[in-house]
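Following: one structure in structure tokens, then a few remarks.
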Amino acid sequence: MKNIRIAIGSDHAGFELKTQIKEWLEPQVEVLKDLGTNSEESVDYPDFAHAVAGEVEKGKYDLGILICGTGIGVDMTANKHQGIRAALCWNKEISKMAKSHNNANVICLPGRFIIIEQAKEILDTFFNTEFEAGRHKRRIDKISC
Ligand code: RB5
């Protein structure tokens, strides 16, 4: 996992989980860039979701991690970017499929509904799963309109 570059972002509702994820993930990856927010002061989740999704779309990072209260707002926003396949993951079974079938390049987490142990399980599973390609590649190639 050392050679992966990750951008991470959240709104105020995801700030605490983002801080905990960073502490755990930073020593394990090549780059972990935090694009905000930087406190629990109320902010607008699209500002941070666009920042992370935009950088992943440009190829500056291999993966984005986005957190808001439900994960829904950041997921909707990130998926507006043509090059982004953002997956809302709330357990390890979903994150396994998000990689093996959808080859997601942004993982969205619900900060108000999971704790750090669940987030670690979700992310570890994603990192240790391969994209199956084949028919799944054909399907993801049909997503953009
Ligand atoms: C903020 O209160 C909340 O709406 C936001 O974190 C997120 O859940 C939106 O989808």
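Everything numeric here is computed off the predicted structure, so don't read it as measured data. All ligand and atom numbering here is 1-based and tracks the order in the structure. Just so you know, residue 1 is the first one in the sequence shown, and it goes up from there.
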Quiz item: Okay, side chain of Asn91, backbone of Glu93: is any donor-acceptor separation there less than 3.5 Å?
Solution: yes

Would you tabulate the polar-atom pairs, meaning N/O of ligand 1 against N/O of the protein, with distances under 3.5 Å, reported to 0.1 Å?
residue  : atom   : partner : partner atom : Å
ligand 1 : 2 (O)  : Arg112  : NH1          : 3.4
ligand 1 : 6 (O)  : Asp11   : OD2          : 2.6
ligand 1 : 6 (O)  : Gly69   : N            : 2.7
ligand 1 : 8 (O)  : Gly69   : N            : 3.3
ligand 1 : 8 (O)  : Thr70   : N            : 2.9
ligand 1 : 8 (O)  : Thr70   : OG1          : 3.2
ligand 1 : 10 (O) : Thr70   : OG1          : 3.3
ligand 1 : 10 (O) : Gly73   : N            : 2.9

Quiz item: Do Asp11 and Val74 come within less than 4.5 Å of each other through their side chains, counting heavy atoms only?
Solution: no

Self-check item: Summary of salt bridge (Lys or Arg N to Asp or Glu O under 4.0 Å) pairs that have at least one residue in residues 27-42, sequence neighbours excluded
Solution: Lys18-Asp34, Lys22-Asp34

Self-check item: Minimal non-hydrogen separation, Val43 against His12, with atom names
Solution: N-ND1, 3.2 Å

Self-check item: Considering all heavy atoms, the nearest Ala7-Val52 contact
Solution: O-CG1, 3.8 Å

Quiz prompt | Lys58/Glu55 ion pair, N-O < 4.0 Å | solution = yes

